[in-house]
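Just so we're clear, the structure is a prediction, and the values are computed from it rather than from any experiment. Quick note on labels: first sequence line is chain A, next is B, and so on, each numbered from 1.
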Amino acid sequence: MNQLLYSKLSSLFKVESSLTTSIGQIQLDRPVMLASGILGISLDVFNRLYRSGVGAVVTKSLSTEPWEGYPNPTIFSVKGGGWINAVGLSNPGAPNFAKMIEPNQEVPIVISLVGSIPEDFEMMIKQFENCKITAYELNLSCPHVAKVGLEVGDDPELVRKIVTIAKNTTDVPIIAKVGLGTTHYLNTVSTAIDSGIDAITAINTIRAMAIDVETQRPILSNKFGGLSGTPIKPIALRCVYEISSKHDIPIIGCGGVSAWEDAVEFFLAGASAIQIGSAVGDNWIDVFNEINNGILQYMKRKNYSSIKDMVGLAKKS
Amino acid sequence: MNQLLYSKLSSLFKVESSLTTSIGQIQLDRPVMLASGILGISLDVFNRLYRSGVGAVVTKSLSTEPWEGYPNPTIFSVKGGGWINAVGLSNPGAPNFAKMIEPNQEVPIVISLVGSIPEDFEMMIKQFENCKITAYELNLSCPHVAKVGLEVGDDPELVRKIVTIAKNTTDVPIIAKVGLGTTHYLNTVSTAIDSGIDAITAINTIRAMAIDVETQRPILSNKFGGLSGTPIKPIALRCVYEISSKHDIPIIGCGGVSAWEDAVEFFLAGASAIQIGSAVGDNWIDVFNEINNGILQYMKRKNYSSIKDMVGLAKKS
Amino acid sequence: MQRNHNHTTIVTIEKVIDETPTVRTLVFSDNVMSNVLPGQFAMVWIPGINELPMSVMISKEPGKAAFTVRKHGPASTGLFNVKEGQQIGIRGPYGNSFDLKEGKLLLVGGGTGLVPMIRLLSFVKPADDVTVLIGAKSKDEVFFEDLANNMLENNPHKVIVSTDDGSYGEKGFVTDLVEKLVNESHFDGVYACGPEIMMYKTMQSAHSRNMFVQASLERMMKCGVGICGSCCVGEDLVCRDGTVFDGDHLSSNKEFGHFYRNKAGILEKY
Amino acid sequence: MQRNHNHTTIVTIEKVIDETPTVRTLVFSDNVMSNVLPGQFAMVWIPGINELPMSVMISKEPGKAAFTVRKHGPASTGLFNVKEGQQIGIRGPYGNSFDLKEGKLLLVGGGTGLVPMIRLLSFVKPADDVTVLIGAKSKDEVFFEDLANNMLENNPHKVIVSTDDGSYGEKGFVTDLVEKLVNESHFDGVYACGPEIMMYKTMQSAHSRNMFVQASLERMMKCGVGICGSCCVGEDLVCRDGTVFDGDHLSSNKEFGHFYRNKAGILEKY
Ligand SMILES: Cc1cc2nc3c(=O)[nH]c(=O)nc-3n(C[C@H](O)[C@H](O)[C@H](O)COP(=O)(O)OP(=O)(O)OC[C@H]3O[C@@H](n4cnc5c(N)ncnc54)[C@H](O)[C@@H]3O)c2cc1C
Ligand SMILES: Cc1cc2nc3c(=O)[nH]c(=O)nc-3n(C[C@H](O)[C@H](O)[C@H](O)COP(=O)(O)OP(=O)(O)OC[C@H]3O[C@@H](n4cnc5c(N)ncnc54)[C@H](O)[C@@H]3O)c2cc1C
Ligand SMILES: Cc1cc2nc3c(=O)[nH]c(=O)nc-3n(C[C@H](O)[C@H](O)[C@H](O)COP(=O)(O)O)c2cc1C
Ligand SMILES: Cc1cc2nc3c(=O)[nH]c(=O)nc-3n(C[C@H](O)[C@H](O)[C@H](O)COP(=O)(O)O)c2cc1C
Ligand code: FES
Ligand code: FES
């Protein structure tokens with residue numbers, strides 16, 4: 001239809017636009033989440049982020065025991081944009097963390113978990129029995145720590161066992177976070193879905209490195225790290241599009257979102273929500289409400305009442 | 001040693017720095033090559049590029065028959081830097097191309113080839129019997145055309161057969177170009193090496209996409225394309241480092257080189273030469289001599305006589 | 001933030017003008033495109049259909065620009081069929097531009113090759129003596145004649161139309177007119193855009209008489225930025241080195257006037 | 001092109017000055033770092049060893065800056081051992097800076113916490129009446145006393161050293177001196193950097209008397225840019241919201257003065 005006419009007509013029938021979204025069973029007031037590993041360490045900060053516009057915070061990936069992570073340098077700013085990090089999953093361990101967030105009633109918290117064997121995940125989920133948890137996110141995709149993350153995600157049998165044990169341990173929705181590893185991520189997604197996963201987060205950082213030409217050394221203490229931020233957005237977007245074209249599963253897009261247009265691209269590709277990590281380092285926490293507002297303006301312009309009105313639209317063309 | 005002292009001392013014993021490099025049997029005057037698919041269509045342009053500083057040109061990937069490629073849009077400029085292209089391997093076909101370059105004596109030309117079956121490669125290599133060819137580069141890694149490129153590179157048995165037949169057809173060195181596909185690229189590299197490959201080019205573009213939020217469509221006519229340019233450099237660099245850490249094989253680094261520092265990073269990671277694609281779109285063909293000069297200044301400062309003095313140095317630390 | 005010319009911008013077509021049965025002008029608002037130099041082009045995305053190189057046409061209204069398109073294959077027909085209110089994507093401007101001399105000028109345009117000639121007209125000085133030649137197959141296909149006359153109102157000027165079949169204006173090829181005019185008098189600048197054979201002959205007529213001549217070339221374009229190589233003519237890339245080339249340069253180019261490359265990149269004869 | 005403060009720049013150490021047996025100042029040339037504001041810090045990469053947050057020390061020579069480091073664990077010892085001619089990497093400057101009042105000022109520094117205090121001194125106006133308190137464990141560990149006196153040559157000023165063991169200057173904790181001074185007279189601005197308990201007590205002494213007071217906090221830092229979360233104090237991120245905080249703000253922070261987070265992010269008591 002003639003679009004000028006259309007927009008004139010539709011302005012007569014304006015709907016109320018709202019940022020609420022649902023990722024399967026998970027209901028969020030806003031579709032912009034904090035990605036795992038970003039500032040996700042203290043309940044006070046979670047509260048601040050919630051006031052700053054996040055729909056949910058995803059915690060740092062927690063392990064059964066506290067981890068110190070790698071020595072510095074753990075993060076590197078890439079000349080062409082983005083970051084390479086090898087924080088090494090430093091975290092206080094699931095038991096300590098559970099105690100810290102027990103008082104929480106207000107903030108929607110997604111607990112990110114890493115482990116090597118299925119029982120790790122069972123043990124950790126049990127720690128949170130007394131906490132109000134929105135969902136668990138299984139980190140099957142950290143590209144720079146041995147024996148967890150991608151090394152787990154690349155092993156279909158292990159993925160099956162982990163998802164199964166997690167689903168059997170709790171009724172809270174379980175999300176699998178996938179990334180580009182040594183086996184095809186779409187196989188990991190299929191396995192996770194077959195094992196009962198509730199949603200998919202795509203993607204984690206991509207294995208990368210940086211070398212200093214003067215001192216001729218890899219800069220990160222771990223040599224390899226994960227690339228995040230604007231450089232990976234076109235790759236993350238195609239993953240979301242590929243998953244949503246192949247499966248009927250709620251998806252959370254992650255990777256390089258730094259403006260509302262990026263978020264909308266992910267929705268159009270099939271994501272019901274998005275996560276933001278690196279953009280916090282560039283634009284600080286104002287980035288959440290800037291993006292919320294941009295999405296809302298867009299929805300008003302296109303006359304959408306909720307996020308789901310636009311989920312997957314780019315697949316129609 | 002005290003570095004100020006060192007640089008004072010070494011200035012007394014200055015060596016002549018030269019940009020010559022060798023990639024196994026392949027000798028080049030300059031380590032900066034033109035990547036496949038970039039301007040690589042006419043002998044006149046090859047001559048111009050050679051005058052502009054490239055050590056060798058890699059041609060567009062040639063097929064047995066002429067291909068028109070995909071309809072436009074075939075290329076998209078990413079906001080965060082870099083390009084997504086789905087040119088679709090348009091090319092005049094190996095027979096036509098061979099005729100065109102037959103007069104060439106001066107320019108070192110690397111013929112890039114795509115095909116679906118081993119016999120395709122045999123047939124194409126035979127076309128060039130009367131041409132002066134520096135090497136062949138087998139494109140096992142184009143991420144956006146069905147039945148060739150990555151779909152071939154992801155199949156180890158096919159890789160083995162293709163490399164074997166290519167090696168049996170000619171004495172000219174054969175390079176395998178790998179990328180991030182659905183199987184682990186390091187397996188493809190191993191298979192290619194076991195089958196007698198002479199060198200590896202890493203990496204090709206990474207499968208990606210872009211969606212226009214106003215019209216809500218994927219922008220490229222093929223929907224998916226390959227991401228190139230600055231965004232992929234940290235990923236390409238880790239691939240070179242990983243290959244050179246695992247294998248003793250000459251490597252050509254490719255992906256996101258846009259300044260001399262990038263080139264040096266690749267050398268330090270283990271590459272003997274580098275290829276440049278996207279940076280031509282940003283800085284035009286002056287980019288080659290700018291990078292050559294930057295490398296040369298660096299070599300003088302570090303007192304290196306040839307590229308090989310720095311190949312792989314970052315692995316020592 | 002300044003717009004990166006490589007990033008696609010979405011604009012809405014505000015007005016569609018029928019110039020001939022097969023040629024339309026589509027007007028849109030865009031500050032960047034309204035200020036491009038004559039000879040520069042945009043890559044125009046018709047969502048769901050194709051992307052085409054298009055010279056940027058002037059618009060009378062400030063802040064606006066236009067494309068004037070002839071329907072031909074599926075791509076240009078897709079653009080031709082865009083309606084008021086529809087959105088298209090543009091990137092650019094790309095390419096260099098004409099070096100406009102002062103004095104006695106000759107502008108030669110054929111078909112949509114008139115577009116850069118019209119923009120060039122918007123830069124002539126009041127004192128310049130300007131001759132515009134418009135070539136067309138037949139009466140039906142003549143356009144921009146009135147526009148050229150209006151734009152040159154305050155200049156000493158002539159606008160001459162020639163049609164191949166003589167159904168309007170002079171009869172014959174526009175290049176015969178060029179030969180005649182450059183034979184009669186010296187021009188300080190000769191500018192051509194249109195079918196390649198027209199530009200080739202114009203270039204020869206002027207160059208052989210040591211007149212300054214420039215032509216704006218057309219080739220198959222995919223990227224517009226000097227990456228894909230599809231637009232090469234000899235060792236030149238039209239999108240990046242051109243589209244405007246001097247007669248000096250063109251006269252030593254072995255492909256100009258004789259060969260072009262098809263979509264597979266194979267050299268074909270004109 | 002302007003330098004992106006997040007990109008690592010390699011600099012060469014040109015001079016190493018021993019301040020005490022455990023504290024050294026390393027001087028290097030860098031225009032950006034020579035001009036940072038008091039309270040700002042850099043992330044300092046010691047190749048092959050670690051990366052540490054470091055306040056940026058002034059240098060007498062224009063275009064130069066320095067780090068003053070106390071050797072402690074492996075990371076700071078690695079920096080301490082860097083020799084003249086060796087290269088280190090720096091990024092930054094990061095963080096906000098002190099809000100320097102005019103009039104009667106009190107600066108309280110302990111150990112390497114003196115570094116931002118010294119840079120702050122370089123900004124005082126000639127009319128300001130400045131008192132500098134330097135706290136140290138013992139005589140051996142006193143440094144920057146002469147430097148502070150020299151810098152304040154033209155000001156009404158006092159530089160008072162106190163050592164815990166009384167081996168030099170006044171005996172006792174520097175915070176007892178603070179309490180005494182703020183009790184005797186009003187200060188227009190009180191500034192502190194050093195051990196957290198010192199800053200905490202200074203803040204309490206001044207804030208309870210409604211004096212303007214600021215402290216520059218230290219926490220475990222990995223990224224320096226507000227991504228990793230390791231530097232949080234309550235809901236504040238020291239690297240991004242600080243390092244300088246007002247007494248008003250700090251007095252409502254439940255962690256300041258009591259808890260810090262270890263490398264795993266677990267809250268521990270001071
Ligand atoms: C710099 C430049 C400016 C131009 N300005 C105009 C203009 O103002 N008005 C106008 O009507 N036309 C213009 N053209 C020509 C236009 O881009 C199309 O090529 C022409 O309309 C034919 O398209 P089609 O519908 O036959 O293409 P189809 O065959 O349907 O298109 C397939 C693809 O081939 C490409 N293509 C085919 N032929 C050519 C060609 N000769 N040159 C470049 N690409 C081609 C198109 O880009 C398209 O993506 C210009 C071309 C260039 C290079
Ligand atoms: C903003 C700021 C400015 C500083 N300025 C100075 C200065 O000018 N001079 C100086 O000597 N020291 C300074 N420090 C402290 C310094 O960064 C180190 O923390 C301290 O030297 C102890 O390091 P270490 O050798 O024990 O660390 P190790 O235990 O060897 O180091 C391991 C890692 O832990 C980190 N780390 C350990 N303790 C701390 C801590 N308390 N704060 C931050 N990171 C820590 C280090 O960054 C290092 O990467 C500053 C700290 C901050 C936060
Ligand atoms: C410093 C840092 C730490 C991270 N830690 C984790 C982590 O613990 N668990 C995880 O699943 N992802 C982690 N990630 C990945 C992010 O959650 C996210 O997937 C990735 O950064 C891509 O999003 P972005 O481009 O918005 O940053 C980390 C990323 C960064 C930059
Ligand atoms: C427009 C375009 C066309 C390409 N065509 C080919 C090709 O035909 N064969 C191939 O092996 N690689 C092709 N590539 C990939 C490049 O050779 C190179 O591997 C990739 O672009 C990464 O290098 P860069 O970041 O320097 O561009 C193409 C890349 C671009 C941008
Ligand atoms: S259009 Fe691609 S190089 Fe000119
Ligand atoms: S040091 Fe990482 S958030 Fe402050």
Considering all heavy atoms, the nearest [X]-[Y] contact:
X: A:Leu237; Y: B:Met209; answer: CD2-O, 3.5 Å
X: A:Glu261; Y: B:Val213; answer: O-CG1, 3.5 Å
X: A:Ala314; Y: B:Pro218; answer: O-CD, 3.5 Å

Could B:Glu214 and A:Lys302 be called an ion pair, given the rule that one side-chain N must be under 4.0 Å from one carboxylate O? yes

State plainly whether the residues B:Arg207 and A:Glu242 are in salt-bridge range, i.e. N to O under 4.0 Å. yes

Atom group of A:Tyr298 that falls short of 4.5 Å from chain B, counting heavy atoms: side chain

Interface residue of largest heavy-atom contact number with chain B, from A:Leu227, A:Asp212, A:Asp154, A:Leu180, under 4.5 Å: A:Leu227

Heavy-atom pairs under 4.5 Å with chain B: which of A:Thr230, A:Ile232, A:Thr183, A:Ile235 has the most? A:Ile235

What distance do [X] atom [atom1] and [Y] atom [atom2] have between them, rounded to the nearest 0.5 Å?
X: A:Leu313; Y: B:Gln216; atom1: CG; atom2: CD; answer: 5.0 Å
X: A:Leu186; Y: B:Thr182; atom1: CG; atom2: OG1; answer: 9.0 Å
X: A:Lys79; Y: B:Asp262; atom1: NZ; atom2: CG; answer: 8.5 Å

Between B:Gly81, B:Ala259, B:Gly80, B:Ala210, the one whose heavy-atom pairs under 4.5 Å with chain A are most numerous: B:Ala210

Side chains of A:Ile211 and B:Phe266, heavy atoms from C-beta outward: is any pair under 4.5 Å? no

Does any heavy atom of chain A fall under 4.5 Å from the side chain of B:Val78, the backbone, both, or neither of them? side chain

